[in-house]
Structures are given as C-alpha cells and as structure tokens.
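Before any comments, here is the structure.
Ligands are counted one by one from 1 in listed order, and the atoms in each one are counted from 1 as well.
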Amino acid sequence: MTPAKSSAQPERTWTTGTAPGSVPLLGHTVALWRRPLQFLASLPAHGDLVEVRLGPSRAYLACHPELVRHVLLNPRVFDKGGVFDKARQLLGNSLSVSRGEDHRTQRRMIQPAFHTPKIADYTAAVADDTRAAIGSWEPGRTLDISDTMHGLLMRVAARTLFSTGIDEATIDEARHCLRIVSHGIYKRTMAPLGIVEKLPTPSNRRYDRANARLRQIVDEMIRDRRRSGADHGDLLSTLLRAEHPETGEGLDDGEVLDQVVTFLVAGSETTASTLAFVFHLLGAHPEVEKRVHAEIDEVLEGRSPAFEDLPSLEYTRGVITESLRLYPPSWMAMRITAAETDLGGRAIPAGTMILYSAQALHHNPELFPEPERFDPERWLPDRAKDVPRGALLPFGAGSHKCIGDVLALTETALIVATIASRWRLRPVPGTTLRPEPKATLEPGPLPMVCEPR
Ligand code: HEM
C-alpha cells in the first residue's frame, strides 16, 4: 500500500523518540493512567513525534504544533475511530462522534446555530442569570466554587438551549444526571472490552437510570417546543429549524435529542471547570485580580456586562485564555489512521492511534517560556503575536474544532465580569488545587470564601 495522500507537512527535519519507562506487557499504560498530566507534559522533550506503548500496541503523541495541525487538518487520514466508535453507541451518531460525509453534513446544518449574532442573542441573559444565582451569597460564606460553577452553568445552558419552561428542580435533576452520564461515558469509552458496563452493578444501574432520565427531560422539551411551534431564538429552536443544505430535510426528534445531549456533555463541564479554574487563579494572584477588577469597573461603570463589552475586557479575556492554557479542559484527544501514512518522517500503518494533547502543548517550555507560571500578559497583543502557530489549542482545530468555542468564551467572560464586579473569592488556607484528568480536566472541590468588593 502506498502512503495516503494528505496535505503536505512543513519542510523540516522532524525529531522522533520513544517515551522512557516502558514496562513489559503494559508499556506506558500505567504512567498514562496514574499520572497522565505529568506524563504527557514530559513527552515533548523526547521529540516532535513520540512513540508510546499501550500494552502491545504502538501509539504516537504528536508534540510539535505543526504535526498536530497536520493531524487535525486531515480528517480523512486521521479519522475519529477508537473511543469515538464506542462513544457513538452511547451518544448516537451526533456531531462530536460522527465521521466523514455524515459529519460534514451535520456540521453544515448545525453551524448556523453557532454564528456570532446567534451567540449574542443566546447570551443576552447570562448576566441576569448569574446575578440571580449569586443573589444568595453572603459575606464570609464558604462555597465550593467548582460545584457552584457547575450549578450556574447548567442554569445558563438551560436558558441558552431551552429558554423558558424548565423549572429549577428539573434543571437540578438534569445536572445531577448529566454528571453521572458524563463520567459513565468516559469510563465506558476507556474500558477496553465493553463487558464490565453490561453487568448489573449499582454503578451501571445508576448510569442507566441517569441516562434514561436525562433523555426523558430533553425529549419532553423537544416535544413541547414542536407542539407549541414557538421560536424562542434559542439553540433548540435553531436546531429544530436546521435544514440539510442540499435536500432541505430537517433533523428528526431523535437526532435533535442526540445533538442536545451531546452539547450538554461537551459544553457544560468544560465551561464550568474553566470558570472554577479562573476563580481559583484570581484568588491565588491578588495582583492579577486587582487588574481584572480595575478593567471591569472602568469598562462597565456599574452596568451589567453585555456581549458588546467583551472586546474592551482585554485583560480579563487574557486571564481566561491563560487559564485555558494552564488547565485545558479537553486535555487529550485521539485519532486513528484510516490508511497507511507518514507523520513526522515516520511511516505509520493504518489503524494506528495518534494522540494530541493540549496539556503537552501548553506546558512545553519551547512554546511557552516558564510554562507553569500564570501570566495573563502573554495574551496581550504585543506578546500574543510571538506565540507559535497552533501552540494554544484548547478548542482543537480543523473540521472537528469545537463548535461551541465562541459560546463558551462568551459565557465565561460574561460570568467572570458579573461576579467579579461584586465579589472577590478568597481561597480557604490549606486548599491545594489537584486537577483531575477525567473526560475533561476537572478542578475537584475548591472551597472559597465570598468577600463583597
Ligand atoms: C471551555 C469550554 C470548552 C472546551 C475547552 C471545549 C473543547 C473542545 C475540543 C478540544 C473539541 C475537539 C475535540 C477533538 O479534536 O476531538 C471540542 C469539540 C466539540 N465541542 Fe467543545 N469545548 C468547550 C465548550 C463547548 C460548548 C459550550 C459546546 C456546545 C454548547 C461544545 C460542543 C462541542 C461539540 C459538539 C464538539 C464536536 C465538534 C465536531 O466534531 O464537529 N463545546 N470541544
């Protein structure tokens, strides 16, 4: 077989290497399982493309940003297989797991729902929702900022996705189910044999119940909306009106259901964790927090933030970008080669797992000097221009790039500005951040004390 044709990799001599510390039979599986963040961040030192042994199989981590781009910009060769095949059984053939022509068609149908003017509409009420959620905060009260941000984000997601008609108790129930479902999907896609999840264990029964209830809640909302025929200008209305670009056909209720559950799984924990990391970083760096407060006060002059204010909140956006660099929620992703190809000068057989990791890119000192330092000024225009192309990759790239990137960044900036204009959150002494790499990178419990400004 001849190497697959794909867009050219940049002309240069690539370095390739093998991760150290492989053990007989298991290879690097134990290191990747026990200390995945440290293990991934250590690999770029061994080459632009680094071989990793996963049991008997060879996988490769693309470490150089140009190699990562090459992988992500050639989806016909570097395809969504492996864990995505398993996720498809759990999420339906929805946007995040579909492949090839199917994916291209879905993306063309759904993309208009994420155009910038729509995002401005969806997020019009984010500041109000945030103010309502923090209305009960009291000076001196300790709250777990991770849990609080998940709760708030679920309310905001309910509004941007479903507008009206969903009560607080149902939102809480959906949130509870969503956490179980997200963790369950991760466990199931990672389990190699697909047997353990079929056993009638309490944890499997909990997953089945949560999954059924979440789908029931979403299904009822879809039916209600179809019956009423109303257009609330939210994401659900846009999905219900989406049309195939050639045939004009829409999505049926089952397809809309799969997409909505996918958006909830892909969009809620990622954005909520980003917010929790931002507040943790602000609490740990009072000098940065002071600059954020000064910028917010100057731009907003006491008003609620709106979509149009975001370009002026340059430093605050830099803080969010720097948080996504240090703690990328989507910390590792994979592709499978659909045909024999070459990557970084190395012949790669069909069916090989290729990994890319925002964690490895973002913590590489060749790309980001002093990578462990929280330095939001990296993102001010005069310094951001020096960041190598493709080095910052919290939302991926190419045809599978996050469809919700602008929505997530907008929600995050509006929520940070709303909260930080009234409150500062102080870390509880002795609390240590221990990011937990699961389906997404989670901050774990983060108690913080509310202090009015
Ligand atoms: C800070 C928040 C977020 C982060 C860090 C994030 C990250 C990512 C990344 C890295 C990918 C590409 C994965 C790959 O290459 O395999 C992705 C895809 C995706 N994201 Fe996000 N995401 C965020 C928020 C959202 C939101 C708010 C939504 C929707 C409401 C969303 C929906 C999706 C979907 C549907 C895909 C699959 C796109 C496709 O394959 O065409 N994400 N996300």
Side-chain angles (χ1 to χ4, degrees), residues 62 68-69 71-75 78-84 87-88 91-100 102-111 113-114 118-119 122-123 126 149-150 153-154 156-162 178 182 189 234-236 238-239 258-278 320-321 323-336 353-359 361-362 390 392-416 439-443:
V68 176
R69 273 176 63 78
V71 168
L72 296 181
L73 297 185
N74 288 284
F78 301 96
D79 196 6
K80 283 205 154 182
V83 294
F84 293 106
R88 204 168 300 124
L91 283 168
N93 190 28
S94 58
L95 189 60
S96 63
V97 288
S98 58
R99 309 156 71 164
D102 226 2
H103 175 259
R104 281 188 285 283
T105 307
Q106 287 193 37
R107 188 86 194 202
R108 282 173 72 192
M109 286 176 84
I110 297 171
Q111 190 72 56
F114 288 88
K118 291 266 179 204
I119 307 278
Y122 302 152
T123 53
V126 168
M149 288 302 119
H150 277 112
L153 223 282
M154 202 60 195
V156 166
R159 169 94 79 149
T160 46
L161 281 168
F162 310 119
L178 184 63
S182 296
T189 51
D234 58 5
L235 198 49
L236 181 56
T238 318
L239 284 176
D258 285 339
Q259 301 294 358
V260 170
V261 172
T262 297
F263 291 150
L264 288 173
V265 170
S268 313
E269 300 220 2
T270 41
T271 314
S273 298
T274 301
L275 279 158
F277 285 126
V278 166
I320 295 167
T321 307
S323 169
L324 284 166
R325 183 189 71 79
L326 276 173
Y327 305 115
S330 177
W331 54 283
M332 187 175 77
M334 56 147 316
R335 299 291 187 265
I336 300 284
M353 186 189 289
I354 308 292
L355 303 165
Y356 83 89
S357 163
Q359 175 74 17
L361 285 169
H362 296 181
L392 179 79
L393 213 64
F395 296 105
S399 58
H400 286 285
K401 183 175 185 219
C402 180
I403 200 167
D405 55 353
V406 178
L407 176 62
L409 289 172
T410 305
E411 286 174 349
T412 305
L414 290 173
I415 292 172
V416 169
T440 61
L441 188 64
E442 296 182 13

Where is the nearest protein heavy atom to [atom]: which residue, which atom, and how far?
{"atom": "atom 1 (C) of ligand 1", "answer": "Thr274 OG1, 3.4 Å"}
{"atom": "atom 34 (C) of ligand 1", "answer": "Ile403 CG2, 3.9 Å"}
{"atom": "atom 12 (C) of ligand 1", "answer": "His400 O, 3.5 Å"}
{"atom": "atom 31 (C) of ligand 1", "answer": "Cys402 SG, 3.8 Å"}
{"atom": "atom 27 (C) of ligand 1", "answer": "Gly267 CA, 3.6 Å"}
{"atom": "atom 4 (C) of ligand 1", "answer": "Phe395 CE2, 3.5 Å"}
{"atom": "atom 38 (C) of ligand 1", "answer": "Arg107 NH1, 3.5 Å"}
{"atom": "atom 33 (C) of ligand 1", "answer": "Ala266 CB, 3.6 Å"}

Considering the options Asn74, Asp79, Leu355, Leu72, which one meets the side chain to side chain contact (heavy atoms under 4.5 Å, CB included) requirement together with Arg335? Leu72
In ligand 1, which numbered atoms sit nearer than 4.0 Å to a non-hydrogen atom of [X]?
{"X": "Arg335", "result": "14 (C), 15 (O), 16 (O)"}
{"X": "Pro394", "result": "5 (C), 7 (C), 10 (C)"}
{"X": "Lys80", "result": "16 (O), 40 (O)"}
{"X": "His103", "result": "39 (C), 40 (O), 41 (O)"}
{"X": "Gly396", "result": "10 (C)"}
{"X": "Ser399", "result": "41 (O)"}

Is the backbone of Thr270 close enough, under 3.5 Å, to the side chain of Ser273 for a donor and an acceptor to pair up by distance? no
Counting only N and O atoms by type, is there a donor-acceptor contact under 3.5 Å from the side chain of Glu269 to the main-chain atoms of Leu178?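 Checked: no pair found.
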What distance do His103 atom NE2 and Leu95 atom CG have between them, rounded to the nearest 0.5 Å?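 It is 4.5 Å, given to the nearest 0.5 Å.
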Ring centroids only, cut at 6.0 angstrom: are Phe114 and Phe263 within range, meaning strictly under it? yes
Taking the side chain as every heavy atom from C-beta outward, state whether [X] and [Y] have any pair of such atoms under 4.5 Å apart.
{"X": "His362", "Y": "Leu324", "value": "no"}
{"X": "Val261", "Y": "Ser94", "value": "no"}
{"X": "Leu264", "Y": "Leu161", "value": "yes"}
{"X": "Leu153", "Y": "Ile415", "value": "yes"}
{"X": "Leu409", "Y": "Phe395", "value": "yes"}

Taking distance alone, with N or O pairs closer than 3.5 Å, would you say [X] contacts ligand 1?
{"X": "Thr270", "value": "no"}
{"X": "Tyr356", "value": "yes"}
{"X": "Ser96", "value": "no"}

For the residue pair His400 and Arg107, what are the closest heavy atoms and their distance?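 Result for this residue pair: C-NH1, 4.0 Å.
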